[in-house]
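Presented below is the structure to which this report refers.
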There are 2 protein chains.
Amino acid sequence: MRADARRNRDLIVESAREVFREQGYNASLDLVAKRAGVGAGTLYRHFPSREDLVNAVMQVWVDRVEEATEKVLAFEGPPRELLDQWLMTYAELISLHKGGPAKITAAMVQPDSPIAPKCKVLRDATSRVTDRLHEEGVLREGITAEDVCRLVGGVATVADGAEQPVSEIEPLLKVLAAGMAR
Amino acid sequence: MRADARRNRDLIVESAREVFREQGYNASLDLVAKRAGVGAGTLYRHFPSREDLVNAVMQVWVDRVEEATEKVLAFEGPPRELLDQWLMTYAELISLHKGGPAKITAAMVQPDSPIAPKCKVLRDATSRVTDRLHEEGVLREGITAEDVCRLVGGVATVADGAEQPVSEIEPLLKVLAAGMAR
DNA sequence: ACCTGAACACCGTTCAAGT
DNA sequence: ACCTGAACACCGTTCAAGT
């Protein structure tokens with residue numbers, strides 16, 4: 001890739017990160033291009049779809065997911081509490097940007113989505129947690145990582161759409177945890 | 001209201017019902033006006049916002065909600081099954097149109113929404129069910145009708161966004177029911 | 001009092017012309 | 001090979017002119 005192309009690409013991603021943080025994942029791409037100081041065509045050349053751009057922005061998010069996963073898995077207390085912790089952590093991770101819960105949860109079931117690789121990281125992390133919880137015998141049989149993703153994703157999507165802070169869904173996550181535990 | 005205005009209003013609602021059924025609640029309003037054979041301005045005169053139009057279309061939906069409520073409340077079997085039945089019924093009722101789960105569930109927490117009156121009918125119906133279940137002692141303390149609406153609404157929203165038929169979320173609704181029951 | 005439809009704004013997307 | 005920005009399409013929304 002030519003040096004100026006590389007540089008423009010980076011400018012666009014940086015600008016998108018900023019705009020998405022302020023306005024959410026459905027913000028105007030025109031604004032992203034303007035702030036990056038590039039023409040609209042340049043943005044589309046690098047990122048044919050919005051999802052491709054979101055995927056690039058989510059690159060650093062992967063680190064946060066892995067960090068949070070290690071932290072939760074290192075928890076030494078009762079496994080039942082570990083479940084609660086993961087649900088809250090999961091909800092927070094997908095709610096960092098407005099529009100995140102809906103986009104991430106939808107892509108979770110659509111393997112051809114450009115952001116599928118990022119979703120896979122989160123789903124794999126969830127698998128590690130559910131595997132552990134199944135070993136410990138705290139989860140009901142048949143509860144899969146996908147189930148967790150869709151349940152927590154659903155509740156977080158509703159809160160996000162209603163402009164409610166993610167902290168307010170804690171009671172609902174408790175209900176989910178109770179439903180998944182034996 | 002003048003006779004021609006009345007007639008145009010009815011044409012718009014009828015057209016909207018058709019278009020929303022085919023394309024969901026976020027379909028183009030321009031198409032609605034075209035099919036109704038009226039100018040765009042006429043549509044906006046009668047319905048200043050999309051939500052106002054959705055509210056008008058949902059008028060007949062109220063009957064379905066009340067009908068379904070009576071049917072579920074008439075159920076004579078174990079109360080725990082009544083819970084399952086209501087969750088499934090609820091999910092079906094809000095999933096009749098694409099975009100319904102998100103719109104109805106969001107409005108459930110926004111009392112100033114034009115479709116709030118319609119949401120109230122569904123919330124009240126849910127209250128009747130939860131009251132009954134609390135009396136029977138099958139629901140955990142603190143579970144409110146609002147909780148039910150947000151939990152089922154969330155799961156249904158995810159399925160709707162992923163273009164999945166509502167029937168596929170039944171296992172997730174079982175998890176919710178287990179979490180809400182004692 | 002109500003309706004029409006052109007006009008405007010906004011945004012996503014493409015592409016001919018330029019470097 | 002890459003970039004620019006005008007141009008097009010689409011849609012929501014308004015409003016002057018008409019009945």
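Everything numeric in this text was worked out from a predicted model, so none of it was measured. Sequence lines set the chain letters: A, B, ... in the order given, protein chains first and strands last, and positions in each chain run from 1.
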Heavy atoms only, 4.0 Å cut-off, all strands: where does A/Ala27 land among base, sugar-phosphate and nothing? sugar-phosphate

Keeping B/Arg17 on the side-chain end and B/Val57 on the backbone end, is there a donor-acceptor pair under 3.5 Å? yes

Any chance you could measure B/Trp86, atom CH2, to B/Thr126, atom OG1, to the nearest 0.5 Å? 5.0 Å

For B/Glu14, give me all partners under side-chain contact (heavy atoms from CB on, under 4.5 Å), at least two apart in sequence or on another chain. none

If hydrophobic clusters are built from ILVMFWY residues whose side chains come within less than 4.5 Å, do B/Val152 and A/Val155 share one? yes

For A/Phe20, ring pair (Phe, Tyr, Trp, His ring centres under 6.0 Å) partners two or more places apart: A/Tyr25

Residues touching DNA chain C, which here means a heavy atom under 4.0 Å, drawn from residues 100-107 of chain A: none

Which residues satisfy the salt bridge (charged side-chain N to carboxylate O under 4.0 Å, His left out) test with B/Glu163, sequence neighbours excluded? B/Lys98

Among the nucleotides C/dG12, D/dG12, C/dC3, whichever has the atom closest to the side chain of B/Leu29 is D/dG12

Regarding A/Asp147 and A/Thr144, do their side chains bring together a donor and an acceptor under 3.5 Å, going by distance alone? yes

List for me each residue that meets side chain to side chain donor-acceptor pair (under 3.5 Å) alongside A/Glu92, sequence neighbours excluded, and say none if there are none. none

Qualifying residues under side-chain contact (heavy atoms from CB on, under 4.5 Å), relative to B/Phe47, sequence neighbours excluded: B/Arg9, B/Ile12, B/Val13, B/Asp52, B/Leu53, B/Ala56

Let me have the donor-acceptor pairs involving side chains of residues 68-85 of chain B, under 3.5 Å, with sequence neighbours excluded, atom names and distances please.
residue : atom : partner  : partner atom : Å
B/Thr69 : OG1  : B/Val65  : O            : 2.6
B/Glu70 : OE2  : B/Arg128 : NH1          : 3.1
B/Arg80 : NH1  : B/Asp84  : OD1          : 3.3
B/Arg80 : NH1  : B/Asp84  : OD2          : 3.4

Represent DNA chain C in dot-bracket notation, 5' to 3'. Only Watson-Crick or G-U wobble pairs with both distances under 3.5 Å count; pseudoknot-style crossings use [ ] and interstrand partners use |. ||.|||||...|||||.||

Contacts of A/Glu18 meeting side chain to side chain donor-acceptor pair (under 3.5 Å) (sequence neighbours excluded), chain-then-number -> A/Arg35

With the 4.5 Å side-chain cut-off for hydrophobic clustering, are B/Leu29 and B/Leu11 part of the same group? no

For A/Ser167, the side-chain contact (heavy atoms from CB on, under 4.5 Å) test, sequence neighbours excluded, returns A/Pro165

Give, ordered by number, those residues of residues 3-12 of chain A having at least one heavy-atom distance below 4.0 Å to an atom of DNA chain C; if nothing qualifies, reply none. none

Are OP1 or OP2 of C/dC3 and a side-chain N or O of B/His46 less than 4.0 angstrom apart? yes

Can you tell me if the side-chain N/O atoms of A/Ser28 get under 4.0 Å from OP1 or OP2 in C/dG12? yes

Contact list (N/O, under 3.5 angstrom) for nucleotides 14-19 of chain D vs protein:
none

